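Structure, as structure tokens:
Here is how names work: the chains are called A, B, and so on, in the same order as the sequence lines, proteins then strands, and each is numbered from 1. What you see is a predicted model, and the numbers here were worked out from it, not measured in a lab. Hydrogens, waters and symmetry mates are skipped; everything else that's a heavy atom, side chains included, is used.
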2 protein chains.
Amino acid sequence: MSSKSVADSSRRTRRGVTSVDVAAAAGVSQATVGRVFSSPEKVSPATRDKVQDTAARLGYVPNVIARSLKSQRTNIIGAVVPAFGEYWQSVLTEFSRQLATKDRQLLLFSFAEPGDVDGVLASVAQYRLDGLVLASATIGQDQLIQMRESDRPVVAFNHPAATGIVPSVSVDNEAGMARLAMHLINTGAREILYVGGVSSASTDQTRYRGASRTLGEHGVACTYLEAGAFTYEAGYKVAQNIVERQPSPDAVMVSSDEVAFGVHDGLRAAGVQVPDDLLLTGFDGLSQSAWAGFDLTTLVQATDVLVARAIEILLADDRSPASDPVSVVVPGTIRFGKTTVTTP
Amino acid sequence: MSSKSVADSSRRTRRGVTSVDVAAAAGVSQATVGRVFSSPEKVSPATRDKVQDTAARLGYVPNVIARSLKSQRTNIIGAVVPAFGEYWQSVLTEFSRQLATKDRQLLLFSFAEPGDVDGVLASVAQYRLDGLVLASATIGQDQLIQMRESDRPVVAFNHPAATGIVPSVSVDNEAGMARLAMHLINTGAREILYVGGVSSASTDQTRYRGASRTLGEHGVACTYLEAGAFTYEAGYKVAQNIVERQPSPDAVMVSSDEVAFGVHDGLRAAGVQVPDDLLLTGFDGLSQSAWAGFDLTTLVQATDVLVARAIEILLADDRSPASDPVSVVVPGTIRFGKTTVTTP
DNA sequence: ATGTTCAATGACTACGTAAGCATTGAACCC
DNA sequence: GGGTTCAATGCTTACGTAGTCATTGAACAT
């Protein structure tokens, strides 16, 4: 009358072989099975082998959910990232790649509209993540402050306005744009236009400050023009505006590569030659900026370094709320392309 | 002698307010607190308000980990995706965006080398995910079979070789490439070269078949050339090879847009004019393919539709192992750019 | 031989929630 | 008015693991 052991084991295989099952089959306690998988050095080689064999035979896989509940650690890092944009996609990819080498996974929380961030953060809170990356330059001060209160490690990625509120990692936006500005001045540009993406983004503000301050110090004015989005299309459209401008500018500095690509193509469509009629610079150093079609002069962010530093901060787990939040600033590198000239 | 309630509550706020804490503070049972958050209609409005107020005051946030352990559902979908490539980044973004609207999150498992897939899948198994997307055309048959045995919903995304083994969603790779081939024939191309990315990718094989079959039916030969990777650089490099080829081709069909971009720029660098000297087609319909600099003739995948269908399959939860796995094929659309001509 | 030490293992419980079942009490029916 | 019904709520347990503590027994020292 007893159910066939074969049927039973197949049912077991079908869903949820637990450490208890393995323990029973191997003739040891559940605790020992657990040890084999979490701290094998505490188990004698003989038992270890026996348990591992049994586990493999039954198809046992440790349940991370249960482990997380018990240990209060998930081994998962969350990332709050805008749903669009080449730059964020590349950052995300880099995070995922680097975390994988540290046996951490990346849980994605993307949002399409800045207004969605509140909802996303509420959702984030439910997961007891080991850390959280805030990768958006439009997250508000109040939301950052709220995040600081959380007991989980947080790091703001390339969000200058977050400095001092939560730990942050950024490229040196201001200095980078300042150096691009110097480059333009050195090559003789005197009428310079700045094209921003979204003026509320803190990166946009900081980069513009880098440009306008440096240009101002050299007596060059720098008008700010907002594309309205960090997209190719926005850049393409704003190019028309640039062409019609009087006095016509010598150079256009763009807040981001993706927008700069659009400006580049939009200018060409309008018959403006880069760099003959107009110099053009970008920012970010996206892989496409090096493509022959653009070969854009831009500030290259060492994304891998930025990401590595961000991960360090998250995993350091320095739960020392007393000290000021760390703020890492990584310098960028100018890559000189053919959208500017090197000899004045 | 009792500890100050203030101190106690602050400690509570610091880490881990549970439904039990809320229950005690609100003077109800833990079960009622749980109901307020999972099935509020089962609780009287008065109690509901009381509990919600108390929860807000204490800063209670339901613990998804515990919920998952109990309910056996995580609300998380896993995605196994190559770490590199514009195409996969865009697919990933689309998944994340669509899942967010369904209150699901995306857990990323990226891998850099095809050989890493085994390790990744082992890691995946530990999470009791509600579903898994296999988004890579290089996952092997044995691994797919292994996944089929899993009790969790799985869907292969754009991996033709997975058809019949696990549920899958693909663009119509073969028909799409066939139509591009017809387009080239119609415009008079007679010496056609096919540039693949990685020949072991099942999309690569299927697309090549679409091209070679159609061309063959019209008496046109189609040599296969492997770029070696699905990257811009690989395409750029292979362009040199194309240029030196004898007899020199009229047209080049490329397996993917990203490689096509490289071929495009590589050809231009070598002094070959597209489309005057040579016609060029891509595949995927990446957003960059529409950029003015390329304006590539390509097959546009309706990524949003593909992703939507994949999510449907995952969430349908048709645990009917008897029937054959579904296989959805979504047609693509040719976008005619300036890398080919429309009048023969 | 007896005590000491320590590696190996087992028993037990907590992690935070949800679902099943039991209980209460008010509204309702004849 | 006593029985029936049902909404509202409480009690209890299970989810699968890991850490704490207790127990065992072998190796070793005295």
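- Per the geometry, CZ belonging to A/R73 stands 17 Å off P belonging to D/dT17, to the nearest Å.
- Atom CD of B/E41 is separated from atom P of D/dT9 by 13 Å (rounded to the nearest Å).
- Contact check, A/T32 against C/dG10: a side-chain N or O comes under 4.0 Å of OP1 or OP2.
- B/V61 and A/R128 make their closest contact through O-NH2, 3.2 Å (heavy atoms, listed as atom of the first residue, atom of the second, distance).
- Residue-to-nucleotide contacts include no donor-acceptor pair under 3.5 Å from the side chain of A/R128 to the base of C/dG16.
- Rounded to whole Å, atom P of C/dC15 lies 18 Å from atom CG of A/N63.
- One interatomic measurement links the two molecules: CZ of A/R48 to P of C/dA7, which rounds to 14 Å at whole-angstrom precision.
- Counting all heavy atoms, side chain and backbone alike, B/Q143 lies closest to B/I139 at OE1-CG2, 3.6 Å.
- Within 3.5 Å, a donor on the side chain of A/R35 pairs with an acceptor on the base of C/dG10, or the reverse.
- Heavy-atom distances to DNA chain C give each of A/S71 and B/S38 a nearest nucleotide, and the one nearer the 5′ end belongs to A/S71.
- Atom CG of B/D21 is separated from atom C1' of C/dC15 by 13 Å (rounded to the nearest Å).
- Contacts of B/V43 with the nucleic acid, taken as non-hydrogen atoms under 4.0 Å apart, involve only primed sugar atoms and P, OP1 or OP2.
- Rounded to whole Å, atom C1' of C/dG16 lies 8 Å from atom OH of B/Y60.
- Here C/dA18 presents its C1' atom at 9 Å from CZ of B/R67, a figure rounded to the nearest Å.
- What separates CG of B/D49 from C1' of D/dA8 is a distance of 15 Å, to the nearest Å.
- Residue whose closest nucleotide on DNA chain D sits further toward the 5' end, between B/L69 and A/S39: B/L69.
- In this structure, A/S29 reaches the C/dG10 phosphate: one of its side-chain N or O atoms is under 4.0 Å from OP1 or OP2.
- Within the structure, a side-chain polar atom (N or O) of B/S19 is placed less than 4.0 Å from OP1 or OP2 of C/dT17.
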From CA spacing to verdict: side-chain hydrogen bond (donor to acceptor under 3.5 Å, both in side chains), B/T93, B/S96: CA-CA 5 Å; B/T93 302; B/S96 172; over 6 Å; no
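- Residue A/T47 is classed as a sugar-phosphate contact, given heavy-atom separations below 4.0 Å to backbone atoms only.
- Of all the heavy atoms in B/V64 and A/Y127, the pair that sits closest is CG1-CE2, 3.8 Å.
- You'll find a donor-acceptor pair under 3.5 Å spanning the side chain of B/Q30 and the base of C/dA18, going by distance alone.
- Between B/K70 and B/V28, the residue whose closest nucleotide on DNA chain D is further toward the 5' end is B/V28.
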